[in-house]
Amino acid sequence: MNHVRHILSLILFPAIATQSVAQDRSDRFDHVLNRKGQSKITLATGIPYIGIAEYAYGISNKTTAGVVFGITPFVEGYGIRVRTILHERDNYRVYFCVPVLYYPKTQDLGGDPWWLTRPNINFEWMNDAGFRYKVGGSIVAAASHHTLFGESSNAKFAPGLWNAVHGGISLPVGPSLMFQAEASLVLKGVQVPSQWVGGPPVILVLGISYTF
C-alpha cells in the first residue's frame with residue numbers, strides 16, 4: 001500500500017506543482033488585469049499618444065479599473081479604463097475593456113472640449129512562459145462635450161463613430177515587468193478612412209507594465 005501511495009505522489013505532485021506555477025505566471029505576467037488588491041502602473045507611447053500613464057487596481061480577480069492620463073501633440077486627455085474577464089479556460093480567455101477619456105481642449109475640432117470611448121472585446125492566448133497574444137475588435141465613439149450635455153448649438157464638430165480591429169502581444173521582461181505592443185486599424189464600416197478624430201487611421205501602443 002505504501003508503494004502505491006509513493007507512486008501516486010510521484011505522478012500527482014508534479015502536475016499540482018505545474019498548475020501552481022502556471023497560475024502564478026498567469027497572475028504576474030498580465031499587463032491587462034490584476035488579481036484582487038494588486039496594483040499596476042503602465043507607461044506607454046505610440047500613435048496618436050506621445051505618452052500614456054495608467055494606475056490600475058484589481059477590484060476582484062476578474063475586474064480591474066484604472067485612471068489614465070495621456071498627451072498627444074495637440075491635446076491632453078484624462079479618463080478611466082475598466083476591463084473584466086467574460087470567459088477563461090486553461091490558457092485562453094475572453095475579456096471586455098472600455099476606456100472613457102475626456103479632452104478639455106484641442107487645437108483642432110474648433111477648440112471644443114470632447115469625450116471619446118472605445119469599448120472592445122479581446123480573445124487572448126498565453127503559453128507557459130507568460131507570452132500572450134490577442135486579437136479583437138472595437139467601436140470608437142467621439143462627441144463634443146456640448147453635444148453630450150444638451151448644448152448642441154455650441155458644438156464645433158459633429159459626433160463620430162468608427163470601428164476598429166486590433167492585434168497585440170505581451171511578454172515578461174522581469175519578475176513583475178511586462179512589455180506590451182498593440183496595433184489597431186481604424187475603419188468606417190469596411191473602409192479605411194483618410195482621417196478620423198485621432199488623425200491617421202492607425203492606433204499603436206508600446207508600453208511597459210509593473211505589478212506590485
Side-chain angles (χ1 to χ4, degrees), residues 31-33 42 44-54 56 62-87 93-124 133-170 180-207:
H31 74 280
V32 175
L33 288 132
T42 298
T45 187
I47 300 172
Y49 288 96
I50 295 173
I52 312 167
E54 180 192 42
K62 291 192 173 183
T63 300
T64 296
V67 291
V68 183
F69 169 74
I71 184 168
T72 77
F74 308 106
V75 63
E76 297 176 353
Y78 312 84
I80 61 172
R81 185 169 68 136
V82 179
R83 48 272 201 194
T84 189
I85 295 174
L86 303 178
H87 170 74
R93 71 183 179 186
V94 181
Y95 68 89
F96 177 75
C97 175
V98 56
V100 179
L101 298 171
Y102 173 65
Y103 299 87
K105 188 177 181 181
T106 178
Q107 296 176 15
D108 297 329
L109 308 176
D112 276 5
W114 57 288
W115 294 82
L116 181 142
T117 186
R118 187 191 176 192
N120 58 88
I121 190 164
N122 302 268
F123 305 87
E124 185 183 75
Y133 58 99
K134 68 178 181 181
V135 295
S138 60
I139 299 294
V140 186
S144 167
H145 181 84
H146 302 305
T147 300
L148 291 176
F149 291 89
E151 304 169 359
S152 300
S153 60
N154 295 328
K156 304 297 192 301
F157 73 97
L161 188 66
W162 301 265
N163 51 296
V165 292
H166 63 267
I169 62 168
S170 65
Q180 57 180 290
E182 182 181 307
S184 305
L185 178 63
V186 179
L187 302 166
K188 193 75 170 175
V190 296
Q191 308 226 340
V192 179
S194 58
Q195 290 282 320
W196 70 299
V197 72
V202 173
I203 302 171
L204 178 64
V205 178
L206 300 172

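- Residues R93 and V32 are in side-chain contact: their nearest non-hydrogen atoms beyond the backbone lie under 4.5 Å apart.
- Taking the side chain as every heavy atom from C-beta outward, E76 and F69 approach each other to under 4.5 Å.
- Separating the CD1 atom in I169 from the NE2 atom in H31 is a distance of 10.0 Å, to the nearest 0.5 Å.
- Annotation: the span from S170 atom OG to E124 atom CD amounts to 6.0 Å, rounded to 0.5 Å.
- A heavy-atom distance below 4.5 Å is found between the side chains of L86 and I121.
- Residues C97 and N122 form a side-chain contact, since some pair of their non-hydrogen atoms from C-beta on lies under 4.5 Å apart.
- A donor and an acceptor atom, one from each side chain of R118 and S184, are located under 3.5 Å apart.
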Practice prompt. Would you please test T45 and I52 for side-chain contact (heavy atoms from CB on, under 4.5 Å) and show each step?
Written response: CA-CA 6 Å; T45 187; I52 312 167; over 6 Å; no

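- Nearest heavy atoms, P104 versus P113: O-CB, 3.1 Å.
- The shortest distance between side-chain heavy atoms of Y49 and I203 does not fall below 4.5 Å.
- Contact check for P73 versus I50: side-chain heavy atoms found under the 4.5 Å cut-off.
- Inter-residue side-chain proximity for V82 and T64 is flagged as unmet; no heavy-atom pair is nearer than 4.5 Å.
- Taking the six-membered ring for Trp and thresholds of 30 and 60 degrees, W115 and F149 have ring planes inclined between 30 and 60 degrees apart.
- With a 4.5 Å cut-off on side-chain heavy atoms, H145 and W114 do not count as touching.
- In this structure, N120 CG and H166 NE2 are separated by 5.0 Å, a value rounded to the nearest 0.5 Å.
- Distance alone, capped at 3.5 Å, places no donor-acceptor pair between the N163 side chain and the I139 backbone.
- K134 and Y95 are linked by a side-chain donor-acceptor pair at a separation below 3.5 angstrom, with hydrogens and angles left out of the test.
- Ion pairing of E54 with R83 is present here, as a side-chain N (NZ or NE/NH1/NH2) and a carboxylate O approach within less than 4.0 Å.
- Of all heavy-atom pairs between P193 and W162, the closest is CG-CD1, 4.4 Å.
- A side-chain donor-acceptor contact under 3.5 Å links T84 to the backbone of K62.
- Closest approach of F157 to T147, counting heavy atoms only: O-OG1, 4.3 Å.
- Residue S194 comes nearest to P201 through the heavy atom pair O-CD, 3.9 Å, listed as atom of the first residue, atom of the second, then distance.
- You'll find the ring centres of Y102 and Y78 outside the 6.0 Å limit.
- Applying the side chain to side chain contact (heavy atoms under 4.5 Å, CB included) criterion to T117, with sequence neighbours excluded, gives V98, V100, P119, A141.
- A donor-acceptor pair is defined here as one N or O able to donate and one able to accept, closer than 3.5 Å; such a pair exists between the side chain of D112 and the backbone of K156.
- Atom CD of Q195 has more than 12 neighbouring heavy atoms from other residues, nucleotides or ligands inside a 6.0 Å radius.
- Between the CZ atom of F96 and the CD1 atom of I85 there is a distance of 14.0 Å, given to the nearest 0.5 Å.
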